[in-house]
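Written out below as structure tokens is the structure these notes cover.
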Amino acid sequence: MNAPAQPAATAPARLDDLPLRPELVGEEPYGAPQLDVPYRLNVNENPYSPSAAVIADIAAAAATAATAANRYPDREARALRDDLARYLGHGLTADEVWAANGSNEVMLHVLGAFGGPGRSVLSFAPTYSMYPEYARDTHTTWLAAPRADDFTIDPDQAVAAIEQHRPDVVFVTSPNNPTGTAVALSTLELIIEAAPGVVVVDEAYYEFARAGTPSALELLPRYPRLAVTRTMSKAFAFAGGRLGYLAASPAFVDALRIVRLPYHLSAVTQAVARAALAHADELLARVADLRDARDDLAAWLAGRGFEVAESDANFILFGKFADRHAVWQGLLDHGVLIRETGPKEWLRVSAGTPEEMAAFKDALDRVTKEQGT
Ligand SMILES: *Cc1c(COP(=O)(O)O)cnc(C)c1O
């Protein structure tokens, strides 16, 4: 008798004992710390919870979905994509809209369809810390071209980087995370025209941009290889609902349909997202307050002598710190959780309610005094 290939386990396997893909060895699961502290300003959520009326409609939608829970959901999420198209405007139809469990999953679909082994995705760093992980998970080579010192994208350098690397996919985040920097449409056009493959403009924070900031949605009719992603997680105050979406040509959407898991969007997700969308005006009502909170905070931080990156999003990147971790920890000790992300001398704080902003300012003043920074 041959020896069994796998001896029976005598102890629970440790991760090190399992035949993990080599590039995943030593990797940690992504995540900003989820800590139970009084003031959470670390993941750019909208701090205003839904009203009783919105909660009631979401609950009713979930209950209706539950009556057919024995059936698979609509694989194509037609009704939801129809609602999203209407919400986006710009003459878009459901065929030009895609939806998934957060725009994180949308991005995974993009790299599943257009990235892969032997292919590459290029973005402009510092940028969203999740992109390299989607690249890794889809076996796509990750390339980061640098932004200028003020975190803007220099059009000539961007085009040069694209011509040098010939990436299959380009991600442009506008407004960018963690810097808050919006990208001009003229720069986007040069990037799209230089790119040999597809270009995705991640507009997760678009609703927070200053009035009159044009959306890359305007460029869609001219560029069939362009896609624009949005999310209900930030301005829309629906991070817990997990709904992200994309607008592009119908052919682009068809490509994503090939790689999605069957039934990737649950009936409950589709139903509650539609219920939330029906209350778009109310859910977005605090965006103006959050923009004001951001601008006030930027001015306050500048007044305290910090460097502040110009932001069109609902957060501020500020610095510089010789030891940013000590400042982050000091704030946490005062009950305020912000984010250690981006360039290593900087910290990011989300715009919040007046109470949250007061708590943050008070804590930062204390930490500054305690640490003499
Ligand atoms: C928060 C964020 C998203 C949204 O992620 P969801 O999966 O939709 O919650 C996408 N892109 C950027 C740059 C973000 O910061």
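What you see is a predicted model; the values in this text were computed from it and never measured. When a ligand or atom number is given, it counts from 1 through the structure's own listing order. Worth knowing before you read on, the calculation uses all heavy atoms, side chains too, and leaves out hydrogens, waters and symmetry mates. All residue numbers refer to positions in the sequence shown, counting from 1.
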> Polar-atom distance check: Asn101 versus ligand 1, any N or O pair below 3.5 Å?
Replying inline: no
>> Between Arg81 and Glu96 (salt bridge meaning N to carboxylate O under 4.0 Å), is one present in this structure?
In response: no
>> Return the closest protein heavy atom for atom 3 (C) of ligand 1 as residue, atom name and distance.
In response: Lys234 NZ, 3.4 Å
>> Quick test: of every protein heavy atom, which one is nearest to atom 4 (C) of ligand 1, and how far off is it to 0.1 Å?
In response: Ser103 OG, 3.2 Å
> Please, which pairs that meet salt bridge (Lys or Arg N to Asp or Glu O under 4.0 Å) have at least one residue in residues 236-248, sequence neighbours excluded?
Replying inline: none
> Side chain, backbone, both or neither: which part of Met107 comes within less than 4.0 Å of ligand 1 when only heavy atoms are counted?
Replying inline: neither
>> With heavy-atom distances below 4.0 Å as the criterion, list the atoms of ligand 1 near Ala204.
In response: 2 (C), 3 (C), 10 (C), 11 (N), 12 (C), 14 (C)
> Under 3.5 Å, side chain of Ser311 to main-chain N/O of Phe315, donor-acceptor pair present?
Replying inline: yes
>> Can you tell whether the side chains of Glu27 and Arg21 come within less than 4.0 Å, N to carboxylate O?
In response: no
> For atom 11 (N) of ligand 1, which candidate among Asn104, Leu108, Asn314, Asp202 provides the closest heavy atom?
Replying inline: Asp202
>> Between Arg40 and Glu45, does any NZ, NE, NH1 or NH2 come within less than 4.0 Å of an OD or OE carboxylate oxygen?
In response: no
> Does a side-chain N-to-carboxylate-O contact under 4.0 Å join Arg291 and Asp312?
Replying inline: no
> Which atoms of ligand 1 have any heavy atom of Gly102 under 4.0 Å away?
Replying inline: 6 (P), 7 (O), 8 (O)
> Can you list the ligand 1 atoms lying under 4.0 Å from a non-hydrogen atom of Thr173?
Replying inline: 13 (C)
> What are the atoms of ligand 1, with element, lying closer than 4.0 Å to any heavy atom of Arg242?
Replying inline: 6 (P), 7 (O), 9 (O)
> Is the Phe252 to Phe114 ring centre distance short of 6.0 Å?
Replying inline: yes
> Does Ser233, backbone or side chain, put an N or O under 3.5 Å from an N or O of ligand 1?
Replying inline: yes
